[in-house]
Amino acid sequence: MLNKISDKTYYLSNQEDKGRPALGLVSGDHSSLIIDAGNSPRHAEEFLQEIEKLNVPRVEYAVITHAHWDHFMGMNEFDAPIIVNHQTNELLQRWLNFSYDDLSLQKRVSDKQMSPQCMEILKEDMPDRDNFKLRTPDLIFEKSVVIDLGNKKCVIETVESTHTTDSTIVYIPDEKVLFLGDCAYGTTTNGLFHFNQSLLMPMIRDIQKYDAEWFVLGHETICDLDEMDLYWKELITASAAVKSVSLQKAEENFKAESNREPNENELFFIKAFVNDRIIRSQS
């Protein structure tokens, strides 16, 4: 079932047990646009079935927020141009040349080109895949593009991100809704989860320039402005305490600067920023 943000804006909730991110739908007077295509053809099909229950114009655009498999593996199911930024397009190229039969999937996992979770989900949700080929994106943009769906504009723009180098957001100005994909998250490098400390403030500035009241993230329930502001505050406070590869010193810095113990979220973020320092020291 689609969750209604407004009369023209919806999202399909994430399902972490199935590796499925949230997917978005925006409708105008003459066409509709989706945000992300799902982690498999089955995920995309279920999304389309929910869209068909609504009285909305035909889906004529599909935006992929970044080149992580769970956000694009369902895109063949959409009879609409696929929109990506140029970096996402480059990262997708290797997936376009993949074969998806059992032996090929196992080889991808062995070569660390694909996660075991991706392989298992594709086996479950894409049984007829011996001849499957991922489609090529149709519209490649550099920095930003605006799509008019008919009295409903969608601003599609690349942003700095602690998650990937190719993050795209979709902003609906008159709804004050911002679809963030996964751009506000950290990432894992060499087995360590981290937030890129040097990109934190540029990312927050890129996102906060939009006059948004509702934020749809890939792997969360929808957040309002107060919830997002608290998220940014906790990230910034945690980052400010991390000045070296020492977790102990970072926790001491936090206590000295904030006059309190870090809460559970802040402690998680502190560890992630320390991991980032460790990764940078090894490079």
Side-chain angles (χ1 to χ4, degrees), residues 1-5 9-27 31-54 56 58-85 88-89 91-96 98 100 105 108 114-129 132-139 147 154 156 163-164 166-170 177-185 215-222:
M1 178 175 144
L2 293 179
N3 302 285
K4 187 175 182 179
I5 304 173
T9 312
Y10 303 80
Y11 71 96
L12 184 68
S13 295
N14 63 302
Q15 295 174 275
E16 291 309 291
D17 60 325
K18 295 183 178 182
R20 294 179 171 184
L23 308 178
L25 171 70
V26 184
S27 297
S31 57
S32 297
L33 173 146
I34 63 163
I35 298 100
D36 281 328
N39 73 348
S40 67
R42 182 171 295 170
H43 189 196
E45 288 167 7
E46 291 176 9
F47 186 33
L48 283 168
Q49 289 168 5
E50 293 299 324
I51 293 173
E52 287 175 2
K53 297 175 183 179
L54 303 175
V56 298
R58 183 176 180 273
V59 173
E60 294 189 2
Y61 305 96
V63 180
I64 305 301
T65 60
H66 62 293
H68 284 172
W69 68 274
D70 53 328
H71 293 259
F72 66 75
M73 279 304 303
M75 67 184 184
N76 283 26
E77 302 305 305
F78 296 95
D79 183 20
I82 302 295
I83 303 172
V84 298
N85 69 49
T88 298
N89 184 56
L91 292 168
L92 283 174
Q93 294 309 305
R94 68 186 181 95
W95 291 83
L96 303 182
F98 279 176
Y100 292 86
L105 289 179
R108 298 280 91 77
M114 178 182 289
S115 70
Q117 182 194 35
C118 176
M119 178 181 69
E120 293 304 323
I121 287 173
L122 293 182
K123 284 183 176 181
E124 177 70 22
D125 285 0
M126 194 167 66
D128 183 20
R129 57 194 145 71
F132 179 85
K133 291 293 182 183
L134 198 66
R135 64 180 287 189
T136 302
D138 303 280
L139 194 162
I147 302 292
C154 300
I156 304 166
H163 186 67
T164 66
D166 68 314
S167 288
T168 290
I169 57 88
V170 180
V177 175
L178 190 57
F179 289 89
L180 293 175
D182 290 355
C183 75
Y185 300 141
F215 303 80
V216 182
L217 292 88
H219 300 274
E220 312 287 335
T221 56
I222 190 170

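This is a predicted model, so every value here is computed, not measured.
Counting heavy atoms from C-beta outward, Tyr185 and Leu217 have side chains that approach closer than 4.5 Å. Looking only at side-chain heavy atoms (C-beta outward), Ile156 and Thr168 come within less than 4.5 Å of each other. Under the 4.5 Å side-chain criterion, counting only non-hydrogen atoms from C-beta, Phe98 is not in contact with Leu134. Side-chain contact check for Arg129 versus Leu105: some heavy-atom pair is nearer than 4.5 Å. Ile121 has its side chain within reach of Trp69: a pair of non-hydrogen atoms, C-beta onward, lies under 4.5 Å apart. Side-chain contact between His66 and Leu91: absent, with no pair of heavy atoms (C-beta onward) separated by less than 4.5 Å. Within the 4.5 Å cutoff, side-chain heavy atoms of Cys183 are placed close to those of Ile169. In this structure, the side chains of Ser32 and Ile51 stay at 4.5 Å or more apart for every pair of heavy atoms.
With rounding to the nearest 0.5 Å, the separation of OG1 in Thr9 from CG in Leu2 is 11.5 Å. To the nearest 0.5 Å, the span separating CG on Asp70 from CD on Gln15 amounts to 12.5 Å. In this structure, Glu220 CD and Asn14 CG are separated by 7.0 Å, a value rounded to the nearest 0.5 Å. Note: Asp36 CG to Ile64 CD1 = 5.5 Å, rounded to the nearest 0.5 Å. In this structure, CG on Asn89 lies 5.0 Å from CD on Gln93, to the nearest 0.5 angstrom. Taking CG from Leu54 and OG from Ser27, the interatomic distance works out to 7.5 Å, rounded to the nearest 0.5 Å.
With hydrogens and angles disregarded, a donor-acceptor distance shorter than 3.5 Å links the side chain of Asn76 to the backbone of Arg135. A distance-only check finds no donor-acceptor pair linking the side chain of Asp125 to the backbone of Ser40 [under 3.5 Å]. A donor-acceptor contact shorter than 3.5 Å links the side chain of Asn85 to the backbone of Asp166.
Each of Ile34, Val216, Leu23 was checked for a side chain to side chain contact (heavy atoms under 4.5 Å, CB included) with Leu12, and the lone residue meeting it is Leu23. Here the options are Arg20, Lys18, Lys53, the test is salt bridge (charged side-chain N to carboxylate O under 4.0 Å, His left out), and the partner is Glu46; only Arg20 passes.
For the residue pair Gly19 and Gln117, the shortest heavy atom distance occurs at CA-NE2, 3.8 Å. Between Cys154 and Val26 the shortest heavy-atom distance is SG-CG1, 3.9 Å. The minimum heavy-atom distance between Glu60 and Ala80, with the atom names listed, is C-CB, 3.5 Å. Across all their heavy atoms, Leu92 and Pro137 have their closest contact at CD1-CG, 3.7 Å. The shortest non-hydrogen separation linking Gly24 to Phe47 is O-CZ, 3.4 Å. When all heavy atoms of Met1 and Glu50 are compared, the pair lying nearest together is CA-OE1, 3.2 Å.
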Which is it for Phe132 and Leu122 under the side-chain contact (heavy atoms from CB on, under 4.5 Å) test, yes or no, and what are the steps along the way? CA-CA 11 Å; Phe132 179 85; Leu122 293 182; over 6 Å; no
CA sep, side-chain torsions, deciding dist, call: Trp95, Met73, side-chain contact (heavy atoms from CB on, under 4.5 Å): CA-CA 9 Å; Trp95 291 83; Met73 279 304 303; 4.0 Å; yes
Applying side-chain contact (heavy atoms from CB on, under 4.5 Å) to Thr65 and Phe179, what does each step give before you reach the verdict? CA-CA 9 Å; Thr65 60; Phe179 289 89; 6.0 Å; no
Residues His163, His68; criterion side-chain contact (heavy atoms from CB on, under 4.5 Å); working and verdict: CA-CA 10 Å; His163 186 67; His68 284 172; 3.2 Å; yes
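For the 3.5 Å distance criterion, the side chains of Asp182 and Thr164 fail to qualify, holding no donor opposite an acceptor.
Of the charged side-chain nitrogens involved, none lies within less than 4.0 Å of a carboxylate oxygen, so that Arg42 and Glu45 do not count as a salt-bridged pair.
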